[in-house]
Undergrad: 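First the structure, which I've put down as structure tokens, then a few questions once you've had a look.
Values in this document were obtained by computation on a predicted structure and should not be read as measured data. Values below: every heavy atom of this structure, side chains too, minus hydrogens, waters and symmetry copies.
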Amino acid sequence: MLIEESLAQRFQDQYQTLLGHVALTSGLLEKAGKDASGLQLMTMARNALAKKPALLAKAMASMQQAGEPLAQDMRQAIASLRVGHWVYLRDTSSYSVFLETGALAAAYGVKALSEPFKEFLGDSGAIIEAGLLVFHGQIICDDLISLGAWVGKEYRSEFNATLAEYRAQGLFFRDRLLPAPGRKPAASKSK
């Protein structure tokens, strides 16, 4: 249910650096104020990047100038970034199950970076806000998670039935995210 440790560390290092440059180049530092924590600033930068992908070019130029270029695999991952509310249903031995909460009908097998979601949150069965990305052929969560609400027994039962329907309809994915409504899918690079 976790990605390989060396990949997780590399992702976290590059992602934090990128979000720092997004904050610097987009004026978020001034907007956030001096009392904002690093976690708040990273979450603001991530949300801004998800809403306005054009911020990536400025941040990458800033990173290049600082001698910290963004790796190609990270560029591809950032192109798939989706920030939203998700139903975190449960953990399996290989991944955690997340369901879409909006206009899309889909479920995902998501890997965590450093600790299982259940350990991080204290339990399963919750509505969370988080960023999901495709990194090295697997869906990962960026570990910038905020809890929206816990779901009760009846809701869990309904979500489990929905998951079964999605699986039967081929709407369960472990290697790709559906594009957000209103957003065009990222262009794939041919080899």
Undergrad: When you look at CZ of F173, are more than 12 heavy atoms from neighbouring residues, nucleotides or ligands closer to it than 6.0 Å?
TA: yes

Undergrad: Between K111 and L2, is any pair of side-chain heavy atoms under 4.5 Å apart?
TA: no

Undergrad: Would you say that R82 contacts L104 through its side chain, given a criterion of any heavy-atom pair below 4.5 Å between the two side chains?
TA: yes

Undergrad: To the nearest 0.5 Å, what is the distance between OG (S94) and CZ (R174)?
TA: 5.5 Å

Undergrad: Compare all side-chain heavy atoms of M74 with those of L18 and state whether any distance is below 4.5 angstrom.
TA: no

Undergrad: Consider only side-chain heavy atoms of I, L, V, M, F, W and Y, link residues closer than 4.5 Å, and tell whether V110 and F159 are in one cluster.
TA: yes

Undergrad: Using the rule given for ring-ring contact (aromatic ring centres under 6.0 Å, His included), can you reason through F120 versus Y88, listing the C-alpha separation, both sets of side-chain angles and the distance that settles it, and then say yes or no?
TA: CA-CA 12 Å; F120 179 80; Y88 158 56; 9.9 Å; no

Undergrad: Taking the side chain as every heavy atom from C-beta outward, state whether R90 and L163 have any atom pair closer than 4.5 Å.
TA: yes

Undergrad: For a 4.5 angstrom cut-off between non-hydrogen side-chain atoms, does K31 reach S26?
TA: no

Undergrad: For residues Y15 and F135, establish whether the separation of their ring centroids is below 6.0 Å.
TA: no

Undergrad: Please report the interatomic distance CD(E5) to CZ(R10), rounded to the nearest 0.5 Å.
TA: 14.0 Å

Undergrad: For the CG atom of L113 and the CD atom of Q9, what is their distance to the nearest 0.5 Å?
TA: 9.5 Å

Undergrad: Between the side chains of H21 and E68, is a donor N or O closer than 3.5 angstrom to an acceptor N or O?
TA: yes

Undergrad: Over 60° means perpendicular and under 30° means parallel, so classify the ring planes of Y108 and W86, tilted if in between.
TA: perpendicular

Undergrad: Rounded to the nearest 0.5 Å, what separates atom CG in D143 from atom CD in E115?
TA: 7.5 Å

Undergrad: Under a 4.5 Å side-chain heavy-atom rule over Ile, Leu, Val, Met, Phe, Trp and Tyr, are V97 and V151 clustered together?
TA: yes

Undergrad: Does any non-hydrogen side-chain atom of F117 lie less than 4.5 Å from one of I145?
TA: yes

Undergrad: Does Q65 CD have over 12 foreign heavy atoms under 6.0 Å away?
TA: no

Undergrad: To the nearest 0.5 angstrom, please state how far the CD1 atom of I140 sits from the CZ atom of F11.
TA: 4.0 Å

Undergrad: Drop me the distance from L28's CG to L19's CG, to the nearest 0.5 angstrom.
TA: 10.0 Å

Undergrad: May I ask you to test the M60-R75 pair for a side-chain heavy-atom distance under 4.5 Å?
TA: yes

